[in-house]
Amino acid sequence: MKTLKKVLIGLLICIVLIPVVKFGLFYFSMTFALVYNYSGLEKGGDGFQYLIRDPIKKAGVCGYTYDPSSGTNEISIPESFGDYPVKGLGGYVGKGAPCPFNIDVKGFPTISGVGLSGGSFDWYIKGEGLEPEYVDVVLNIGPNIREIYADQFGIVSGKKLVIVRVYVNCDSGNTSFYSENGILYRKNGEVVDGFLYWNRSYTDPPGGAP
């Protein structure tokens, strides 16, 4: 009888506690997302788009419009946006809406964006009869960048597929990332995904020449 009572009490406790725990975990995850994620998106007058967060101020760069006629192919990530220190490239807004970092090109209005398949755009170029055009830039990252979420897509503009490749310079004082020969790495040695790097062809068939 005593054993039966213990079992019944245990079941009752589980019935009561499981919903409470589930609600607590859900509430915690939502609160964490709202506190950790960015709360808004603003355009700067410098060609950058910024993600911002309050009340603990933080900013991230989620986009840049590169002008090939500017006289330079260098893009330097700003250290701040007004009162907001820039800590990341890309990120998530609100409850988790993705907003990855990418580079657009002035003079090539974007009709749509195309992702890689097998490391190549060859499938799309041939299928749509497009002409590939590479735009190579130098991306300078300062010491305060701690988070990177990038997703560079091929830019469909008219009958061209514009492919923006980057040569990355990362400040040696950065404690989260480093660069070698234009490639960006995490401190554990992993290549940072999401960029199209300068030393690769993205127009060959998958498995073709590098």
Side-chain angles (χ1 to χ4, degrees), residues 16-67 70 72 74-106 109-110 112-113 115 137-153 155 164 166-179 183-197:
V16 173
L17 285 182
I18 287 174
V20 173
V21 171
K22 284 184 177 179
F23 177 79
L25 290 173
F26 174 78
Y27 182 79
F28 174 79
S29 63
M30 293 301 294
T31 302
F32 178 82
L34 291 173
V35 171
Y36 181 79
N37 291 345
Y38 295 97
S39 56
L41 174 65
E42 292 190 15
K43 279 190 174 182
D46 50 3
F48 290 96
Q49 287 184 308
Y50 295 92
L51 297 166
I52 59 171
R53 188 189 71 186
D54 286 302
I56 302 174
K57 293 187 180 297
K58 183 180 82 166
V61 174
C62 67
Y64 180 73
T65 301
Y66 169 64
D67 184 356
S70 63
T72 179
E74 293 199 23
I75 301 170
S76 296
I77 301 300
E79 294 294 315
S80 63
F81 173 56
D83 295 331
Y84 298 86
V86 174
K87 298 289 188 179
L89 299 182
Y92 296 86
V93 180
K95 296 179 181 179
C99 194
F101 173 79
N102 65 80
I103 300 170
D104 288 316
V105 182
K106 188 175 181 180
T110 303
S112 62
V137 298
V138 175
L139 182 65
N140 298 318
I141 296 175
N144 298 321
I145 299 299
R146 297 290 178 266
E147 306 157 351
I148 294 179
Y149 168 32
D151 187 11
Q152 185 65 51
F153 49 78
I155 302 168
V164 181
V166 294
Y167 182 104
V168 183
N169 290 320
C170 184
D171 190 284
S172 60
N174 193 301
T175 58
S176 299
F177 305 95
Y178 69 97
S179 60
I183 309 301
L184 187 64
Y185 298 87
R186 301 184 189 280
K187 284 297 185 179
N188 63 4
E190 293 180 355
V191 174
V192 176
D193 292 328
F195 295 107
L196 304 179
Y197 289 106

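In this chain, numbering begins with 1 at the start of the sequence shown.
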Side-chain contact test, heavy atoms from C-beta onward, threshold under 4.5 Å: evaluate it for Y197 versus V191 and give yes or no.
-> yes

Applying ring-ring contact (aromatic ring centres under 6.0 Å, His included) to Y178 and not counting sequence neighbours gives Y185

Who are the side chain to side chain contact (heavy atoms under 4.5 Å, CB included) partners of S76, not counting sequence neighbours?
-> N140

Taking atom CG of L41 and atom SG of C99, what is their separation to the nearest 0.5 Å?
-> 5.5 Å

Side-chain heavy atoms of N37 within contact of R53, under 4.5 Å | no

side-chain contact (heavy atoms from CB on, under 4.5 Å) between L196 and V164, intermediate numbers included = CA-CA 7 Å; L196 304 179; V164 181; 5.8 Å; no

With D67, which residues qualify under side chain to side chain donor-acceptor pair (under 3.5 Å), at least two apart?
-> S69

Are the side chains of I145 and I77 in touch, meaning some heavy atoms are under 4.5 Å apart?
-> yes

Residue pair P143 / G173: nearest heavy atoms and the distance that separates them = CB-C, 4.0 Å

What's the spacing between T65 OG1 and D104 CG if we round to 0.5 Å?
-> 5.0 Å

Give a yes or no answer on whether the side chain of S176 reaches the backbone of K187 with a donor-acceptor pair at less than 3.5 Å.
-> no

Check whether any side-chain heavy atom of I183 sits under 4.5 Å from a side-chain heavy atom of F195, and report yes or no.
-> no

With D193 via side chain to side chain contact (heavy atoms under 4.5 Å, CB included) - residues at least two apart | none

Applying ring-ring contact (aromatic ring centres under 6.0 Å, His included) to F153 and not counting sequence neighbours gives none

Minimal non-hydrogen separation, I52 against E42, with atom names | CD1-OE2, 3.2 Å

For the pair L51 and F101, evaluate side-chain contact (heavy atoms from CB on, under 4.5 Å) and give the outcome as yes or no after the intermediate values.
-> CA-CA 10 Å; L51 297 166; F101 173 79; over 6 Å; no

For Y50, check side chain to side chain donor-acceptor pair (under 3.5 Å) against everything at least two apart and list the hits.
-> D46

Listed by chain and number, what are the side chain to side chain contact (heavy atoms under 4.5 Å, CB included) partners of C170, not counting sequence neighbours?
-> I141, N174, F177, S179, L184

Where P100 and D151 come nearest, the two heavy atoms and their spacing | CB-CB, 3.7 Å

Taking all atoms of both residues into account, what is the closest heavy-atom pair of V61 and P78, and its distance?
-> CG2-CD, 4.2 Å

Those residues at least two apart in sequence (or on a different chain) that pass ring-ring contact (aromatic ring centres under 6.0 Å, His included) with Y66 are none

Non-neighbouring partners of D83 that pass side chain to side chain contact (heavy atoms under 4.5 Å, CB included), sequence neighbours left out = K57

Quick one: side chain to side chain donor-acceptor pair (under 3.5 Å) partners of N144, sequence neighbours excluded?
-> E79

Side chain proximity check, Y64 to L139, heavy atoms < 4.5 angstrom = no

4.5 Å side-chain heavy-atom contact, Y38 and K58 | yes

Sub-3.5 Å donor-acceptor pair from the side chain of E147 to the main-chain atoms of K87, do we have one?
-> no

CD1 of I56 to OH of Y84, rounded to nearest 0.5 Å, is 12.5 Å

